[in-house]
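Every chain is numbered from 1 and lettered A, B, ... according to where its sequence line falls, protein lines coming before strand lines.
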Number of protein chains: 2
Amino acid sequence: MHDTLIAYINNALGKTLSEKDEHLLESVFKPKKLRKHQYMLQEGEVCRFAGFIVRGACKQYTVDKSGKENIIGLFIEHWWVGDRESFMTGTPSPYNIEAVEDVEVLLAGREDFLNTLSRQPFINEMMNVLTEKHSFHLIKRVHAAHTLTAEERYHDLHKKYPEFFQRFPQHIIASYLGMTKETLSRIRAGSGKK
Amino acid sequence: MHDTLIAYINNALGKTLSEKDEHLLESVFKPKKLRKHQYMLQEGEVCRFAGFIVRGACKQYTVDKSGKENIIGLFIEHWWVGDRESFMTGTPSPYNIEAVEDVEVLLAGREDFLNTLSRQPFINEMMNVLTEKHSFHLIKRVHAAHTLTAEERYHDLHKKYPEFFQRFPQHIIASYLGMTKETLSRIRAGSGKK
DNA sequence: GAAAAGCGTTGATCTACATCAACGCTTTTT
DNA sequence: AAAAAGCGTTGATGTAGATCAACGCTTTTC
């Protein structure tokens with residue numbers, strides 16, 4: 001099960017990890033299985049893990065007073081999952097993270113992460129590059145939310161992550177895009193064909 | 001003029017830089033003055049600098065087909081400015097960055113930044129922490145754009161960056177918040193008093 | 001110091017998208 | 001095998017906020 005993570009990191013770094021590094025990863029990342037609908041994290045808890053998804057899919061969301069879910073992140077295999085801010089600062093997370101399919105994850109706890117992983121220069125470097133890429137992606141999402149129509153946001157996502165439409169039900173994708181399921185349905189029915 | 005940057009870094013690191021480090025910063029960061037309305041970066045150019053604002057204020061924005069500005073970032077003294085993605089990847093920036101007041105900046109070029117600065121462990125570490133914080137901030141902006149009303153977004157900004165309302169004209173702040181100047185004006189007139 | 005540009009405000013109208021509601025189909029639960 | 005929950009669709013109606021337009025005030029320009 002750690003093979004996937006090791007292959008991922010080899011690929012990200014463009015080199016092959018030593019046996020020693022591989023063993024370190026195996027000792028730090030604990031495998032965990034979650035069934036569909038199980039929570040990885042609940043609103044109000046401190047996030048105590050950094051997770052790498054080996055198989056399955058998750059959603060990250062808040063719930064407003066009227067009970068509506070607002071999806072803010074979607075994650076599938078080979079993505080990192082967790083509330084990084086809560087994890088790093090030790091403050092309670094405002095988010096829920098829940099399995100949308102059965103999930104296998106590798107979890108690193110806070111101490112292992114800070115004391116062991118982030119002291120490995122190459123892994124630390126990789127994390128920094130990922131954080132930076134993530135922030136590039138987020139700027140685009142802010143800009144998109146301010147300037148694009150619902151239809152344009154749909155097309156962008158369809159182009160960038162076509163696999164999402166196979167993996168997540170439509171009402172989840174709609175929320176992730178900041179629109180209702182009815183609006184997304186109408187977009188797909190109508191001028192949905194770009 | 002480098003004093004401001006050195007004080008900023010000392011503060012961020014919680015320690016005092018050596019004379020040697022100070023000289024390094026002085027040799028890498030070149031001071032530049034810009035007058036109100038001057039561009040630091042124009043749409044389509046590659047961003048070739050990482051900038052630290054010593055005095056003044058800037059806006060970062062795109063312009064749509066109808067000529068409307070969409071403000072995506074606002075920066076004042078002691079903030080970093082530039083298009084990090086363009087800077088790191090060498091791709092043309094979609095953004096304009098323009099002085100809103102007369103500005104003094106310290107600019108580090110790409111080579112100096114990569115070869116010199118990011119090899120100083122402490123400075124590199126500081127940059128990584130800032131990038132991480134920035135990404136925490138961006139997630140909140142995405143979530144706010146999807147879930148909050150115009151009025152709620154206004155109150156949030158007013159609470160978080162009250163100084164913006166002294167520094168930037170209202171139509172710029174409105175655009176940064178993803179609303180029109182008319183809407184912001186009505187919010188402030190009406191239930192503007194939270 | 002006259003003209004022009006920039007800024008904020010207010011009113012009237014328009015529209016993209018949300019909300020509410022009902023229905024059929026499929027999947028899951030028991 | 002029946003009941004219930006989840007999902008996508010379609011129609012009718014509502015609304016937050018955009019757009020368009022006009023007006024005063026201040027600041028900048030020449």
Side-chain angles (χ1 to χ4, degrees), chain A residues 34-38 56-59 61 63-71 74 98-102 143-158 164-193, chain B residues 34-38 57 59 61 63-71 74 98-102 143-158 164-193:
Chain A
L34 294 174
R35 302 211 53 216
K36 190 170 172 171
H37 297 135
Q38 261 191 288
C58 303
K59 61 179 178 181
Y61 62 97
V63 179
D64 68 18
K65 2 13 195 202
S66 77
K68 205 186 78 188
E69 280 185 12
N70 285 300
I71 311 265
L74 296 175
E98 190 185 321
V100 167
E101 308 169 352
D102 292 355
H143 194 246
H146 284 174
T147 62
L148 302 185
T149 63
E151 185 163 353
E152 290 166 332
R153 297 196 308 275
Y154 162 70
H155 286 307
D156 279 4
L157 185 70
H158 197 270
F164 278 11
F165 293 83
Q166 268 68 62
R167 296 299 287 277
F168 297 100
Q170 210 162 292
H171 69 275
I172 287 184
I173 291 181
S175 176
Y176 175 76
L177 286 170
M179 65 186 78
T180 60
K181 61 187 195 315
E182 291 91 341
T183 295
L184 181 53
S185 173
R186 283 186 251 260
I187 287 171
R188 300 196 67 170
S191 46
K193 296 263 106 179
Chain B
L34 294 175
R35 301 211 54 215
K36 189 171 173 172
H37 296 135
Q38 260 190 288
K59 61 179 178 181
Y61 61 97
V63 180
D64 68 19
K65 0 22 203 191
S66 76
K68 204 185 81 188
E69 280 186 12
N70 284 300
I71 311 266
L74 295 175
E98 190 185 321
V100 167
E101 306 170 352
D102 292 356
H143 194 247
H146 284 174
T147 62
L148 301 185
T149 63
E151 184 163 352
E152 289 167 332
R153 296 195 309 274
Y154 162 69
H155 285 308
D156 279 4
L157 185 71
H158 197 269
F164 277 12
F165 293 83
Q166 268 69 61
R167 297 298 287 278
F168 298 100
Q170 210 163 292
H171 69 275
I172 286 185
I173 291 182
S175 176
Y176 175 76
L177 285 170
M179 66 186 77
T180 60
K181 61 189 197 312
E182 291 92 341
T183 295
L184 180 54
S185 174
R186 283 187 251 261
I187 287 171
R188 300 196 65 169
S191 46
K193 298 261 106 182

Exercise. Do you know the tightest heavy-atom contact between Leu74(B) and Lys59(B)?
Worked result: CD2-CB, 3.8 Å
Exercise. How many angstroms lie between atom CD1 of Ile172(B) and atom CD of Glu69(B), to the nearest 0.5 angstrom?
Worked result: 6.5 Å
For this session: Figure out the CD/C1' separation between Gln166(B) and dG8(C), and round it to whole Å.
Result: 16 Å
Seminar exercise, completed: Between the NE2 atom in His158(A) and the CD1 atom in Ile173(A), the distance rounded to the nearest 0.5 Å is 8.5 Å
Seminar exercise, completed: Value for OG1 (Thr149(A)) from CD1 (Ile187(A)), rounded to nearest 0.5 Å, stands at 7.0 Å
For this session: Output yes when at least one side-chain N/O atom of Gln170(A) is less than 4.0 Å from OP1 or OP2 of dT9(D), else no.
Result: yes
Exercise. Taking only N and O in the side chain of His171(A), is any of them less than 4.0 Å away from OP1 or OP2 of dG8(D)?
Worked result: yes
Exercise. His146(A) NE2 to dG17(D) P: how many Å, rounded?
Worked result: 12 Å
Problem set entry | Ile187(B) CD1 - dG17(D) P separation (whole Å) | 7 Å
Could you list, one pair per line, each protein nitrogen or oxygen that sits under 3.5 Å from a nitrogen or oxygen of nucleotides 19-23 of chain D, together with the distance?
residue : atom : partner   : partner atom : Å
dT19(D) : O4   : Arg186(B) : NH2          : 3.1
dC20(D) : N4   : Glu182(B) : OE2          : 3.3

Exercise. To the nearest angstrom, how far is Arg188(A) atom CZ from dT10(D) atom C1'?
Worked result: 16 Å
Problem set entry | Between NE2 on residue His143(A) and CD1 on residue Ile71(B), distance to nearest 0.5 Å | 9.5 Å
For this session: In whole angstrom, give the distance that lies between atom CZ of Arg35(A) and atom C1' of dT28(C).
Result: 11 Å
Problem set entry | Along DNA chain D (nearest heavy atom to each residue), the more 5'-positioned of Arg153(B) and His37(B) | Arg153(B)
Exercise. Could you state the interatomic distance from CD (Gln170(A)) to CG (Leu184(A)), rounded to the nearest 0.5 Å?
Worked result: 4.5 Å
For this session: Round to the nearest Å and state the distance from Asp64(A) atom CG to dA18(C) atom C1'.
Result: 13 Å
Exercise. Once you round it to whole Å, what is the distance between C1' of dG17(D) and CD of Glu151(B)?
Worked result: 12 Å
Exercise. Nearest nucleotide by nearest heavy atom, which residue falls closer to the 5' end of DNA chain C, Ala150(A) or Lys36(B)?
Worked result: Lys36(B)
Exercise. Could you state the interatomic distance from CD (Glu152(B)) to OG1 (Thr147(B)), rounded to the nearest 0.5 Å?
Worked result: 7.5 Å
For this session: In whole angstrom, give the distance that lies between atom CZ of Arg167(B) and atom P of dC7(C).
Result: 15 Å
